Amino acid sequence: MNVLVLNAGSSSLKFQVIDTDLEKIASDADRCIARGVVERIGSQALLRFENEGGKVLHTAQPIRDHHAAIDQVMRWLISAEAGVPTIQSFADIHAAGHRVVHGGEKFARSVLITPEVIADIEECIDLAPLHNPDNLRGIRAMADILGPGIPQAAVFDTAFHHSMPPRSYLYAIPYQFYRRHRVRRYGFHGTSHRYVAYRYRRMLNIPKETVRVITLHLGNGCSAAAIDAGRSLDTSMGMTPLEGLVMGTRAGDIDPAVVEYLMEKEGFSSQQMEALLNKQSGLLGVSGLTNDMRDLLAEAQEHDDRRARLAIDIFVHRARKYIGAYLMELGGADALIFAGGIGENSPEIRERICAGMDWCGLRIDPARNAATVNRKEGEISADGSTLRAYVIPTDEELLIARDTARLVAKAEVPAW
Ligand code: ADP
């Protein structure tokens, strides 16, 4: 079946069409037949669509909202110029799968969307005001365009981390605020951590229950997870994606007293403070240059830029700190797994994060590390390492499509 996977952001819409079903899932034979992105929704939008053969369409046109963006995606998919032979009409899209950022405490796994599910996602808006409303817009637009009969599934960023024990997910603040407002750590990037843990066990051909790894999703957003017996035991993001590792524009861990102090000293409002921590901090904030790790590495190397070096140092230091903590929590791990744009493409950052880890059995093999880029999957540790390191390119869309196909087929949907 053809599943349209949608990831709706505030002004962007990413999509993939994935041909999958239970048989294809079992043999890893499912594949992406078209993909693309609409950016700058709400003004003169930029559209980039690509079919399976690599034929790319670039256009710019005014696109009012998510509804209009999905409409445009559908029109392209059925057009002759798209060159997607298995999609001739809207009826050839058999289901839609949506990335939904926050599932609160309600959703421990993916679900088919019903009016009740929509109401529950709406209830989580307070927890994810930046994301859930856009995800809902995508869901509503899809039902509008393809008709209310189209099966749609919601796949939550938080679901995989439902297995965290209270000691991992509770903040040490008065317990009543957890009871009254559900203030706790939820964790995000769950679909990515779950996917790479899945690939890892497929690569090694081991049962789920034996997976004991630390996964590092290092993209624009960054998070780490400690995975024990296949399940998430702890993760670095918290009630929102702001906690934890240093990210492109997010600060990650910070003493909360800094917030009040800066608000007082600089006269910032809470909105300004939120923007500062989410959009102006991290690699961008420290370097004063960019949130892009590639550019920072180039600046540090070519111009010996001090602040670029500092930003990278803090990024690496924070990642190492979490690895140390998770090794302790897990009582040792079998592997570190790198994913995300930085994790998949930067041998230098991987090498720096894993430096000096001989004491716990990890040595990086420089040649393997250098050769594992551009979505290549493989081991980067040296033979004889007892803690191994892998690069596993993440594929959240594939997991979303698979969960959708399983739900449509009324098959069991794994939570981990
Ligand atoms: P998102 O979280 O938005 O999906 P990605 O996973 O694509 O983002 O990661 C984006 C990050 O990956 C950027 O910081 C980018 O600089 C970084 N990146 C991509 N390629 C490289 C590379 N060759 N070396 C270092 N960093 C890279």
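Both counts, for ligands and for their atoms, begin at 1 and track the order of listing. Computed from a predicted model, the values in this text were never measured in an experiment.
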>> Quiz question for you: does at least one protein heavy atom lie closer than 4.0 Å to atom 5 (P) of ligand 1?
In response: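 Neighbour list for atom 5 (P) of ligand 1 includes protein heavy atoms (cut-off 4.0 Å).
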> If hydrogens are left out, which of Asn374, Ile342, Val373 has an atom nearest to atom 17 (C) of ligand 1, that is, the closest non-hydrogen atom?
Replying inline: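 Looking at heavy atoms only, the winner is Ile342.
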>> Given Leu283, Asn345, Thr394, Asp295, identify the one with the heavy atom nearest to atom 20 (N) of ligand 1.
In response: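 Selected option, by shortest heavy-atom distance: Asn345.
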Top protein contact for [atom], by heavy-atom distance:
{"atom": "atom 25 (C) of ligand 1", "result": "Ser346 CB, 3.6 Å"}
{"atom": "atom 14 (O) of ligand 1", "result": "Met293 N, 3.2 Å"}
{"atom": "atom 19 (C) of ligand 1", "result": "Gly341 O, 3.6 Å"}

> Which ligand 1 atoms are under 4.0 Å away from a heavy-atom of Gly221?
Replying inline: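 In order of number, 2 (O).
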> Numbering the atoms of ligand 1 from 1, which are under 4.0 Å from a heavy atom of Asn291?
Replying inline: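 Those atoms are 14 (O).
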> Using the benzene-type ring in the case of Trp, are the ring centres of Tyr171 and Tyr178 under 6.0 Å apart?
Replying inline: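 Distance test on ring centres: not under 6.0 Å, no.
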> Which atom names give the shortest non-hydrogen contact between Val117 and Leu112, and what distance separates them?
Replying inline: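 Minimum heavy-atom contact is CG2-O, 3.5 Å.
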> Would you say the side chains of Gln61 and Gln72 form a donor-acceptor pair under 3.5 Å?
Replying inline: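 Indeed, the side chains of Gln61 and Gln72 share at least one donor-acceptor pair under 3.5 Å.
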> If you measure only the distance, is there a donor-acceptor pair under 3.5 Å linking the side chains of Ser168 and His161?
Replying inline: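 No, because no side-chain N or O of Ser168 sits under 3.5 Å from a partner of the opposite role on His161.
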> Can you tell me if NZ on Lys279 sees more than 12 non-hydrogen neighbours from other groups inside 6.0 Å?
Replying inline: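 No.
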> Is the count of non-hydrogen atoms from other residues, nucleotides or ligands lying under 6.0 Å from Arg375 atom CZ greater than 12?
Replying inline: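 Correct, the count exceeds 12.
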Pairs of nitrogen or oxygen atoms closer than 3.5 Å, one from [X] and one from ligand 1: do any exist?
{"X": "Leu297", "result": "no"}
{"X": "Asn220", "result": "yes"}
{"X": "Lys14", "result": "no"}
{"X": "Leu218", "result": "no"}
{"X": "Asp292", "result": "yes"}

>> For Asn369, run the side-chain hydrogen bond (donor to acceptor under 3.5 Å, both in side chains) check against Arg350, Glu379, Glu351 and tell me which one passes.
In response: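 For Asn369, the side-chain hydrogen bond (donor to acceptor under 3.5 Å, both in side chains) test succeeds with only one of Arg350, Glu379, Glu351, which is Arg350.
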> Are Asp28 and Arg199 within salt-bridge range, i.e. N to O under 4.0 Å?
Replying inline: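 A salt bridge links Asp28 with Arg199.
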> So Phe49 and Trp76, would you call those rings parallel, tilted or perpendicular, with 30° and 60° as cut-offs?
Replying inline: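 Tilted: the ring planes of Phe49 and Trp76 meet at 30° to 60°.
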